[in-house]
Amino acid sequence: MTTLVQVTDLSKQYHSVMAVKDISFELRGGQVLGLLGHNGAGKSSLIGALLGALSCQGDIQVCGLNPLNQHAQLMQHLAYISDVNILPQWMTVAQILRYSSGVHPSFNIHKAKQLLGSTQIALSTKINSLSKGMKVQLHLSMVMATDTKVLILDEPTLGLDLIYRETFYRQLSEWLEGGERTLIIASHEVSEIAHLLTDILILKQGESLLQGNLDSIMNDYFIIDAVHQQQSIIEQFSPIGSQVGLGSSKWLLKSQYRLQAESLGVIMNPTLQDIFIALQKGEA
Amino acid sequence: MHPSFFMLEKELLEHKIITRLPLYLLLIGFLMLAAIVINMGSANDISMQFNYQGDMANNGLDLTPGISSLISFAAGIVSLFLSIVYLSSTFRKERQEGSLMFWRSMPVSDLLTHGVKLGVALILIPLICSLLLLCSELFIWLISLTQAQHFMGLLTELSLFSITSDWLLFLAKMMLVSLSILPLACLLLAVSQRLNSPLLMVIIGAYTLKLLSRYVFALDGVATFIHRFSTLPFTLLSSPQPLVAFAQVSWSYYLLYYLLGALCLMVSLSIRKHGELNIRAMFARS
């Protein structure tokens with residue numbers, strides 16, 4: 001698998017605020033990176049840099065191209081869907097498809113029309129009059145009709161109902177299986193995207209809190225559910241986070257303490273959301 | 001087909017005023033003329049009177065060729081108005097409505113985007129307005145043909161040859177007007193990427209600079225420079241010999257004017273590329 005995205009020591013500063021600090025990662029075909037973090041964590045700046053919309057320090061290569069200096073060539077292989085609808089509202093669906101087919105060499109207008117045929121989106125409809133779910137569906141259909149190698153999603157399902165979300169993620173999985181492609185998803189909805197991810201990058205105030213392969217990260221942690229009386233012993237294992245319950249508490253611990261903690265309570269596997277919340281709360 | 005064709009088409013779809021205003025004016029003109037023909041019965045009943053105060057020799061308006069000259073001047077003003085309105089709104093609109101990221105997600109270079117937008121403002125709009133002139137003169141010519149006597153004394157010169165030559169002369173004049181506003185066009189493209197009222201800011205900025213240079217710094221050259229280029233398009237439109245009017249401005253002024261225009265284009269490209277003005281990157285070789 002070839003490297004599709006390579007980010008090395010990326011930093012972005014707005015006046016005195018460091019939006020992104022020394023971020024590095026690499027993505028190959030088939031990998032799905034979850035970009036997690038609260039508002040202001042630096043996700044949008046990182047995405048802006050990957051899209052070539054922001055000038056930053058460090059080096060970015062997407063499909064071997066520099067997003068800033070080789071923007072037009074890169075956009076043949078890179079697509080982006082955001083929570084804020086970026087489609088021009090004044091256009092009709094037919095007009096946007098015609099425009100895309102005219103300027104995008106790898107856009108297949110017949111495929112886009114075929115994909116839209118299975119939805120309730122009519123070609124003569126103005127984008128302005130489509131619901132939010134339909135707009136996302138239209139944008140995704142356009143991406144799927146393009147031979148895109150890298151897709152960046154920024155809170156794509158925010159405000160969508162459950163039916164649209166299910167359809168969206170199903171179509172996304174189909175797109176991902178269609179070739180050597182990589183996907184970057186920025187989201188607050190950790191549990192919703194967890195099943196898609198192969199890798200994660202958790203950001204806080206512009207810095208990387210945790211990053212790497214999701215499976216190995218999940219193996220690095222465990223949860224122990226123990227009575228409150230065990231608290232003093234468990235605190236010796238430097239818990240990453242804790243959640244107080246009725247009569248017992250849950251602690252998130254590193255796997256190195258698993259053998260020592262086994263006798264203290266019930267051991268459970270954490271979810272990505274557990275790790276995300278614990279890290280966000282813990283390291284202020 | 002080249003992507004620029006689809007980009008031009010998109011600009012026309014987005015800024016409908018470019019096609020609708022000339023069409024609307026044409027329809028109004030047709031209706032007015034049709035009403036005159038129908039209501040007056042005989043064209044000989046119509047008398048026209050022009051009142052003018054001041055020195056006729058220096059007014060710059062040549063009315064001797066009659067109504068063709070007036071239509072040409074009006075079409076030129078409409079073209080200039082549309083170009084300025086388009087230039088000050090095209091980048092601002094996509095920024096304000098939030099579609100900027102969509103247009104930037106297309107494999108189109110910033111240079112081509114600027115080229116297309118300048119092409120629309122300086123070539124396509126004058127071309128559309130030239131059709132306004134062409135259609136109007138053709139319509140009047142047709143009316144004069146269908147009347148037993150020529151329609152009004154002002155139209156005696158109209159023939160297919162004069163209509164064609166009027167149209168070609170108008171196109172040539174408009175190309176000079178476009179050349180005269182090219183640096184201003186680049187300035188408006190740059191300013192509209194950052195400000196919400198680019199035209200107002202450019203006008204206020206120009207007048208402030210003019211007043212400051214004349215009355216505070218006693219630099220008459222700057223005030224003259226601003227005055228020359230702010231009135232040049234109108235001078236070209238109203239002059240019977242636009243080429244002479246164009247050549248009357250000093251070459252050193254043109255040099256400075258086009259250098260400033262080139263700088264504005266670089267600034268506009270830089271803002272488009274970096275999302276902000278990046279002076280270091282503007283002069284760096286990518």
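Keep in mind that the numbers below use all heavy atoms, side chains included, and drop hydrogens, waters and symmetry copies. Note on naming: letters A, B, ... go to the chains in the order of the sequence lines (proteins, then strands), and numbering restarts at 1 for each one.
- Heavy atoms closer than 4.5 Å to chain B are found nowhere in A:Gln70, neither backbone nor side chain.
- Within a 6.0 Å radius of OH in B:Tyr258, other residues, nucleotides and ligands contribute more than 12 heavy atoms.
- Contact annotation for A:Leu74: neither backbone nor side-chain heavy atoms come within less than 4.5 Å of a heavy atom of chain B.
- Remark: A:Gln120 CD is loosely packed, at most 12 non-hydrogen atoms of other residues, nucleotides or ligands lying under 6.0 Å away.
- Shown here is A:Glu192, whose CD atom has more than 12 heavy atoms of other residues, nucleotides or ligands within 6.0 Å.
- The main-chain N or O of B:Val108 is never found under 3.5 Å from a side-chain atom of A:His71 such that the two would form a donor-acceptor pair.
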- request: Under the side chain to side chain contact (heavy atoms under 4.5 Å, CB included) rule, what do A:Gln95 and B:Glu9 come out as? Steps first, then yes or no, please.
  value: CA-CA 10 Å; A:Gln95 284 169 349; B:Glu9 186 184 54; over 6 Å; no
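- In this structure, the portions of B:Glu14 lying under 4.5 Å from any heavy atom of chain A include both its backbone and its side chain.
- A:Met142 is listed as a side-chain neighbour of B:Phe102, based on a closest heavy-atom distance under 4.5 Å.
- Of the listed residues (A:Ala79, A:Pro88, A:Ser101), the one with the most heavy-atom contacts under 4.5 Å to chain B is A:Pro88.
- With hydrogens and angles disregarded, a donor-acceptor distance shorter than 3.5 Å links the side chain of B:Arg104 to the backbone of A:Gly52.
- Summarising the local packing, NZ of A:Lys21 is surrounded by 12 or fewer heavy atoms from other residues, nucleotides or ligands at distances under 6.0 Å.
- Within 6.0 Å of CZ on A:Arg170 lie more than 12 heavy atoms contributed by other residues, nucleotides or ligands.
- Residues A:Ala72 and B:Ser109 share a closest heavy-atom pair of CB-N, 3.6 Å.
- Rounding to the nearest 0.5 Å gives a distance of 11.0 Å between CD1 of A:Ile86 and CD of B:Glu97.
- By the 6.0 Å contact criterion, OH on B:Tyr254 is enclosed, its count of non-hydrogen atoms from other residues, nucleotides or ligands being greater than 12.
- From B:Lys10, atom NZ reaches atom OG of A:Ser100 across 11.5 Å, with rounding to the nearest 0.5 Å.
- Note that OG1 of A:Thr92 and CG of B:Leu13 are 8.0 Å apart. Values are rounded to the nearest 0.5 Å.
- Within the 4.5 Å cutoff, no side-chain heavy atoms of B:Phe6 are placed close to those of A:His104.
- Taken from CH2 in A:Trp90 to NZ in B:Lys16, the straight-line distance is 7.0 Å, to the nearest 0.5 Å.
- Contact tally against chain B (heavy-atom pairs below 4.5 Å) for A:Phe107, A:Tyr80, A:Tyr99: the top residue is A:Tyr99.
- Distance CD1/A:Ile81 to CE/B:Met101: 12.5 Å, rounded to 0.5 Å.
- Residues B:His274 and A:Ser55 approach most closely at ND1-CB, 3.4 Å, considering heavy atoms.
- Neither the backbone nor the side chain of A:Gln73 has a heavy atom closer than 4.5 Å to any heavy atom of chain B.
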